[in-house]
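Report on one structure; see the data block that follows.
Values below: every heavy atom of this structure, side chains too, minus hydrogens, waters and symmetry copies.
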Amino acid sequence: MCVLDSTVSLDAMTLRSTASRRARAALTPALSLLFVGSLLAVGTVPAQSATGAAPSAAGSATAASEATASETIVPASTADLPWTTCANEGADAFDCATIEVPSDYDRPRGRTSTVAVTRLPALDQENRIGSVLVNFGGPGGEGVSTLHAIGEVLFDASVRERFDIVSFDPRAVGLSDPATCFATQEAEQEFLASSLALPLTRAENARFLGEAAALGTACTVFGGDRIATASTANVARDMDVLRQRLGDDELTYVGYSYGTLLGATYAALFPDNVRALVLDGTVDPRAWTGPADGELFGTRLRQAEAGTETYGEFVRLCAEAGERCALNALGDPAEVVEDVYAALKEEPVEIPLGDGTTVEVGYADVVAQVFFSMYGTAGWPNLAALLAELAVLTDVVPSSAAQTLDHGPSLRELLRRLGLLEDYASVGGGLASLCVDGDFPGRPSTYPRKVAALDEQYPHFGLFRGWVGVHCEFVAAQDEDAYTGPWEQTTQQPVLVIGTRFDPATHYGFTAPYAALWPDARMLTVEGWGHTTVGVSTCADAAIGRYLVMLEADDGAVCQQDLVPFAPGTLRDDARPTLPAPRVPVLPGTAAVVDAGR
């Protein structure tokens, strides 16, 4: 991959993309949502303007000075959330509400933003301790719908008994005054469907940057007012208002992935308001907020490195699993997948959907799917089966090899199980916090060279994660109240910091440095695979439950994962919750949950 040709002018990149408007298959918009996100995959600090200006120290000072603004708005004794029955189907056990918070805490009597909240009441109300507030990651992750999906099985029974479990859609996300990038959802879908997934040539680099500029400009035009107040610091201030409205003297909080950045930000702004923090799948806030010093945001997050390490475990465990991993029927799993990648770089494949239509799947789509499928090990056999089917469709192996594959789920069913056939969701909410939180290199023309170097070091995943945040170079919105540090914490309460050994989205290497930021951090390691501990370790569930209820945790503890990928059985057979796939596009128009973060 080469640097942009010097004749390409970034000034010419406007709302109207110069790319052809060839319609992509219906699958592409859903895939493109996976790319932007996850921490899922991603998150950041004071928004960078289109000129690449770094956040100022004065901005951080302002944020710190206004940290307690919420106390002056909502008295700590107030517990008056207007709970009602949730409107969506399947949420009968939950209550729903909305609260109004200042859009800008510097102007507490000015414009307001709506924050959607939901709770699952404690089973033992007489012995209720309080509320545990949950953030599932992102940025851009929806808390309301996710809690409705997995809230009843998210925690150990002891937590379910003693706490109301509460989550919310952060400002600019989901039901909370979402930031949008186009006039209509249909217009956004059309843009994403016609955009490149990933650039593979010099000409595609230029087109890709043009589409990033178009998306960044569109988000500024249509959602700039909401983006400009969507910093993680303002979400933390909203959380403190919510804590008071819930009637809790101190915050009990569980944050996954990007949610660990939110937890660190809350504690920095409100150090005396903390009861307990569970911080699972840590993001080093110093890497998140910069300074960039010319380094790609995706490089600082170490996701290419983490993805490569976890993928190494995927192919190793697959090879050891014999017939339980479909790729073994076709040869060495690592070699087969590399051949599939090479074939898809040459030409995408058309997959029939059974209703007379087809979906086009290309190299970027498959790399994205591999990366995000590694979040949860329960889906690894399905991922292997999909890759095996693609090996046949791309003629990597002879068609006769299909007869050696186990007649399991159909290809369409595999696509559904892996989340490739799901409804479209907007990208604006994820871009909001990402672009106003993080520091970016400031020179879009340098991305192709830097991404190419990262991809050479970490094949496939370097390309996929290296472009993270490029669209933020073109979002001309800043939040002066964003918080960029210092990150050394003063909260005296013990906090529980958790890392999984092979996590593709939040590198395990961040865990100990993150824990070192706290006066009293108790670090728990899960010896396993995947992103965060949700639904993977009975041992970790028990440790989290003990900490939340009793405020007790052992530093240096180690838990095993219940289910080894591709293993014939599991240590428990109850329903396992999983975090939703990232919904935040990291690239304009690509196949992509985290979190910025899950």
Side-chain angles (χ1 to χ4, degrees), residues 63-64 66-81 83 97 99 101 105 115 117-122 124-136 143 147 154-156 158-168 170 232-256 259-280 285 483 487-498 514-515 517-522 543-553:
E66 298 297 332
T68 58
S70 59
E71 280 91 339
T72 66
I73 300 163
V74 184
S77 60
T78 301
D80 59 351
L81 275 170
W83 296 112
I99 62 172
V101 295
Y105 280 89
V115 175
V117 187
T118 191
R119 74 171 175 183
L120 180 65
D124 185 357
Q125 286 290 320
E126 290 186 2
N127 296 297
R128 174 182 170 276
I129 295 173
S131 303
V132 55
L133 190 60
V134 184
N135 179 276
F136 294 102
L147 192 70
L154 179 60
F155 294 120
D156 182 83
S158 61
V159 179
R160 182 75 179 85
E161 290 284 330
R162 305 289 300 280
F163 287 93
D164 293 343
I165 302 172
V166 179
S167 192
F168 65 105
T232 298
N234 274 342
V235 177
R237 295 177 181 109
D238 296 343
M239 283 173 49
D240 202 60
V241 173
L242 181 56
R243 171 191 66 78
Q244 296 170 72
R245 297 287 293 272
L246 290 168
D248 292 335
D249 293 333
E250 296 175 313
L251 179 73
T252 300
Y253 172 78
V254 177
Y256 300 100
T260 67
L261 176 72
L262 178 56
T265 303
Y266 180 90
L269 298 179
F270 304 98
D272 298 327
N273 293 357
V274 171
R275 174 186 176 271
L277 303 176
V278 175
L279 304 157
D280 185 352
Y483 184 79
W487 291 107
E488 290 72 20
Q489 303 288 341
T490 61
T491 292
Q492 295 304 307
Q493 288 291 99
V495 300
L496 179 58
V497 176
I498 307 174
Y514 182 96
L517 296 172
W518 303 84
D520 186 4
R522 316 291 173 85
I544 293 170
R546 175 182 168 225
Y547 169 72
L548 290 176
V549 175
M550 306 294 294
L551 296 178
E552 296 176 354

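- With rounding to the nearest 0.5 angstrom, the CG atom of D272 is 13.0 Å from the CG atom of L251.
- The closest donor-acceptor contact from the side chain of Y253 to the backbone of G259 lies under 3.5 Å.
- In this structure, R162 does not pair ionically with D124, as no charged nitrogen and carboxylate oxygen lie closer than 4.0 Å.
- Between the CG atom in L133 and the CZ atom in F163 there is a gap of 12.0 Å [rounded to 0.5 Å].
- For T260 (side chain) and Y256 (main-chain N/O), no donor-acceptor pair under 3.5 Å exists by modelled atom type.
- Below 30°, between 30° and 60°, or above 60°: for W518 and Y514 the angle between ring planes is between 30° and 60°, a tilted geometry.
- In this structure the side chain of R522 never reaches within 4.5 angstrom of the side chain of V497, judged on heavy atoms.
- Taking the side chain as every heavy atom from C-beta outward, V117 and L242 approach each other to under 4.5 Å.
- In terms of modelled atom types and a separation under 3.5 Å, the side chain of E161 and the main chain of A122 share no donor-acceptor contact.
- Across all their heavy atoms, L277 and G263 have their closest contact at CD1-O, 4.3 Å.
- Side-chain atoms of D520 and V495, non-hydrogen and from C-beta on, never get closer than 4.5 Å to each other.
- A heavy-atom distance below 4.5 Å is found between the side chains of L551 and Q493.
- Although no hydrogens or angles enter the test, the distance criterion places no donor-acceptor pair under 3.5 Å between the side chain of R119 and the main chain of S167.
- A 4.5 Å side-chain heavy-atom check between V166 and V132 finds every atom pair outside the cut-off.
- Put simply, OG1 on T252 and CD1 on I129 are 8.0 Å apart, with the number rounded to the nearest 0.5 Å.
- Of all non-hydrogen atoms in T265 and A233, the two that sit nearest each other are CG2-CA, 3.7 Å.
- A donor-acceptor contact under 3.5 angstrom links the side chains of D164 and Q125, judged on distance only.
- Taking CD from Q244 and CG from L81, the interatomic distance works out to 11.5 Å, rounded to the nearest 0.5 Å.
- With contacts defined as side-chain heavy-atom distances shorter than 4.5 Å, the pair F136/V134 qualifies.
- For the atom pair R275 CZ and T491 OG1, the distance stands at 14.0 Å (nearest 0.5 Å).
- Checking side-chain atoms of R243 against main-chain N and O of D248 turns up a donor-acceptor pair under 3.5 Å.
- Side-chain atoms of L261 and W487, non-hydrogen and from C-beta on, do get closer than 4.5 Å to each other.
- Although no hydrogens or angles enter the test, the distance criterion places no donor-acceptor pair under 3.5 Å between the side chain of Q489 and the main chain of P519.
- Here N135 contributes atom CG and L279 contributes atom CG; the two are 11.0 Å apart, rounded to the nearest 0.5 Å.
- Looking at D238 and Y266, their side chains never bring a donor and an acceptor atom within 3.5 Å of each other.
- With respect to the salt-bridge test (charged N to carboxylate O, under 4.0 angstrom), the residues D240 and R237 do not qualify.
- Side-chain contact between R160 and L120: present, with at least one pair of heavy atoms (C-beta onward) separated by less than 4.5 Å.
- Checked against side-chain hydrogen bond (donor to acceptor under 3.5 Å, both in side chains), E126 has no partners two or more places apart in sequence or in another chain.
- Evaluation of the side-chain contact (heavy atoms from CB on, under 4.5 Å) rule for D156 yields S158 as partners, not counting sequence neighbours.
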